[in-house]
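Atoms considered below: every heavy atom in the structure, side chains included; atoms not considered: hydrogens, waters and symmetry mates. Note that the numbering runs from 1 along the sequence shown for the chain.
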Amino acid sequence: MSGVIGPAAADSQALRSLARWARQSARGRPGPWVTFGLLVFAAVWLAHLASTSLAPPTDNIEQLTWVHALEWGYYKHPPLPTWLFWGPAHLFGESAWTSYIVGATCTLASVGLLWRLLAQLRGTRHATLALLAVLCITYYNGRLYYYNHNIVLMLLATASATACWTAFKTGRLRWWAALGAALGLGALAKYQIAVTITSVLVFWLWQRGWRDARHRLGLLLAALIALLMFVPHLVWLRSHDFGPIGYAMQTSLGVHLGTGACSADAAHWLIDQLLNRAMPAWMLLGAAFWASRAGAVASAPAATCTTGADAGRALLLSWGLVPLLFMPLLGVATGADLKLHWGTPFLLFAVPAAMELLGVRVRWSQVALKPAAQAFLVMQGLLLLVSQLTSPRGPEFLRDHGWRTFDAAALAAQLEPLAREALAGGAICVVSGPAAPAGALALRLADHPLVLIDGRYDRSPWVSRDRVRRCGVLELQQGRPLPGSRAVGAGFAGLSWRVIRPESVLTGKAAGDRAQDRSGLRR
């Protein structure tokens, strides 16, 4: 277990610093302490997650594959996350760690923006307590190394809340323009930005925005800017048979569950968000509430806005409750198969929303942060322990056998010499097959080959037919084996492989053999 970061391996000085951060963030200049605390949090969790995962998350692999071509869209999703990843990938290398850092940066930037917004609305002590609770939600600790469309959308949804609040507070059109830019970028990240747009509209109506000409014009300006930013992707969709829309329909929206099934699925989604992913956050707030009842209150309450029916309360409830209602209603109305990870961009706002609803009983701005910080450290230790025990480094009977147990290094060690021999000593330039195993293998191969997703050129614009003809392909197949393929063996059930040799090697082979050799590659 040496080198593995578990709950007992975290530096005690770092943990004491976290407790000091929680105390200091409520007075003086809290910004640097918040930044420091988030960096310590990231260092502990990223070190742990990297050391207990045999392969990067499949979404990270997806971005490491797509970044080889900047497009206006990809077969599953809009393009913004890949665009954002392009710079770091070229500066620091197309590695798993690059994707971990970019993903963690987006997540921590989101919770940092939320802290600043709450500090404006309810004071720094209230904001810090909410931040501690948010960091206990399992989307934001155990998945801190994820980089995907949900993570980028979370940042833009949080930015839209900040821009919307400032636009209403100041009435300045530039902030409405900023809101439109955030929503437009959100549409280029994931179509679920529709949830945030609904939050904007609910807040605008709640505040009677139609009564003020500035707010009417501002909302129109935001809508126009967002639409203009989305138009190029819309043109791309039209020219590519609306591929991402078709993918969404095939995998979730077009499932058309029956009435009973979709109601059960919607209830399961909501229960999972609130009583599974967010349960550690509620436990921390409960500990803080218990401490306040026991008399552990702050000696000098921070300045705070009223917790009554004010605009800040309307904003936090709009962003916190609308997504929790929108998703189940979508499932019931359309029969969609709701994916649990769809809550990632929005669940962080459930914490301040819950604090608003409980504000009539708890004066959060007067709750002492020391017991909350202690509860936070205990919670993080337990979460680290669970992650450690269920990881490939934990006891075999407790391992979860999920994707992080896919041993890409062992697969590469097994296939690389055999593939290189079949290629007559040439480089392995292209790996074809299912996106996740093919991408994970490509990251481990010395030649860093490109990935031809499912053997389809239309899904892989970074791979040309000419490259395949010149270099050949190492092809993976999950399930039914391809002609001439061999099973990978123990530890990779159902996975087979073969090599399609380059034309320079194939010269002289029978035409029928060549046709059979290439039968796995598609348009």
Write down the atom of S485, the atom of S496, and the distance for their closest heavy-atom approach. OG-OG, 3.7 Å
What is the ring orientation for W66 with Y75, classed by angle as parallel under 30°, tilted 30 to 60°, or perpendicular over 60°? perpendicular
Anything under 30° is parallel, anything over 60° is perpendicular, the rest tilted; go ahead and classify W319 against F203. perpendicular
I'd like to know whether R404 forms a side-chain hydrogen bond (donor to acceptor under 3.5 Å, both in side chains) with T390, so could you lay out the CA-CA distance, the side-chain angles of the two residues, the decisive distance to 0.1 Å, and finally the verdict. CA-CA 10 Å; R404 63 176 173 169; T390 57; 3.0 Å; yes
Check step by step if side-chain contact (heavy atoms from CB on, under 4.5 Å) holds for E94 and T65. CA-CA 9 Å; E94 296 164 6; T65 299; over 6 Å; no
Tightest non-hydrogen contact, residues N141 and T138, listed as OD1-CA, 3.5 Å
Atom CG of L340 and atom OH of Y139: how far apart are they, to the nearest 0.5 Å? 6.0 Å
How many angstroms lie between atom CG of L155 and atom CG of L113, to the nearest 0.5 angstrom? 6.5 Å
Student check: side-chain heavy atoms of F346 and V322 closer than 4.5 Å: no
Do any N or O atoms from the side chain of N60 and from the backbone of Y145 form a donor-acceptor pair under 3.5 angstrom? yes
Around atom CH2 of W204, are there more than 12 heavy atoms from other residues, nucleotides or ligands closer than 6.0 Å? yes
Can you tell if the side chain of I225 reaches within under 4.5 Å of the side chain of W176, non-hydrogen atoms only? no
In short, L348 meets V134 closest at the heavy-atom pair O-CG2, 3.6 Å
Show every side chain to side chain donor-acceptor pair (under 3.5 Å) that has at least one partner inside residues 181-191, sequence neighbours left out. N150-K190, K190-Q192, Y191-H233
Interatomic distance, T107 atom OG1 to Y140 atom OH [nearest 0.5 angstrom]: 8.0 Å
Measure across C136 and A281 and return the closest heavy-atom pair with its distance rounded to 0.1 Å. CB-N, 3.9 Å
At what distance, to the nearest 0.5 angstrom, does CG of L117 lie from OG1 of T166? 7.5 Å
Is any side-chain heavy atom of L411 closer than 4.5 Å to a side-chain heavy atom of L495? yes
Please round to the nearest 0.5 Å and tell me the distance separating atom CZ of R420 and atom CG of L415. 12.0 Å
Got a salt bridge between R456 and D454, using NZ or NE/NH1/NH2 to carboxylate O under 4.0 Å? no
Listed partners of D337 passing salt bridge (Lys or Arg N to Asp or Glu O under 4.0 Å), at least two apart: K339
Can you classify the ring geometry of H149 versus H77 as parallel (below 30°), tilted (30 to 60°) or perpendicular (above 60°)? tilted
How are the rings of W403 and F406 set to each other: parallel, tilted or perpendicular (split at 30° and 60°)? parallel
Can you tell if the side chain of L156 reaches within under 4.5 Å of the side chain of T196, non-hydrogen atoms only? no
Spell out, as yes or no, whether a donor-acceptor pair under 3.5 Å connects the side chain of D447 to the backbone of I428. yes
Side chains of I453 and W462, heavy atoms from C-beta outward: is any pair under 4.5 Å? yes
Has R399 got a side-chain atom pairing as donor or acceptor with G394's backbone, closer than 3.5 angstrom? yes
With rounding to the nearest 0.5 Å, note down the distance linking CG in L46 to CG in L144. 4.5 Å
Worked verdict on V44 versus L384 for side-chain contact (heavy atoms from CB on, under 4.5 Å): CA-CA 9 Å; V44 172; L384 283 164; 4.0 Å; yes
Using the rule side-chain hydrogen bond (donor to acceptor under 3.5 Å, both in side chains), only one of S387, S391, S53 pairs with H48; which is it? S387
Going by heavy atoms in the side chains, are R393 and S51 under 4.5 Å from each other? no
In terms of the angle between their ring planes, are W97 and Y100 parallel, tilted or perpendicular, with boundaries placed at 30° and 60°? perpendicular
Could you tell me whether a side-chain N or O of E62 sits under 3.5 Å from a main-chain N or O of N148, the two making a donor and an acceptor? no
Just checking R116: does its CZ atom have more than 12 heavy atoms from other residues, nucleotides or ligands closer to it than 6.0 angstrom? no
Would a 4.5 Å heavy-atom cut-off, applied to side chains only, mark P244 and L237 as touching? yes
Compare all side-chain heavy atoms of W83 with those of W86 and state whether any distance is below 4.5 angstrom. no
Step by step, would you call M154 with C106 a side-chain contact (heavy atoms from CB on, under 4.5 Å)? CA-CA 8 Å; M154 175 171 62; C106 288; over 6 Å; no
Give the intermediate values and the outcome of side-chain contact (heavy atoms from CB on, under 4.5 Å) for residues F92 and I101. CA-CA 10 Å; F92 306 111; I101 296 297; over 6 Å; no
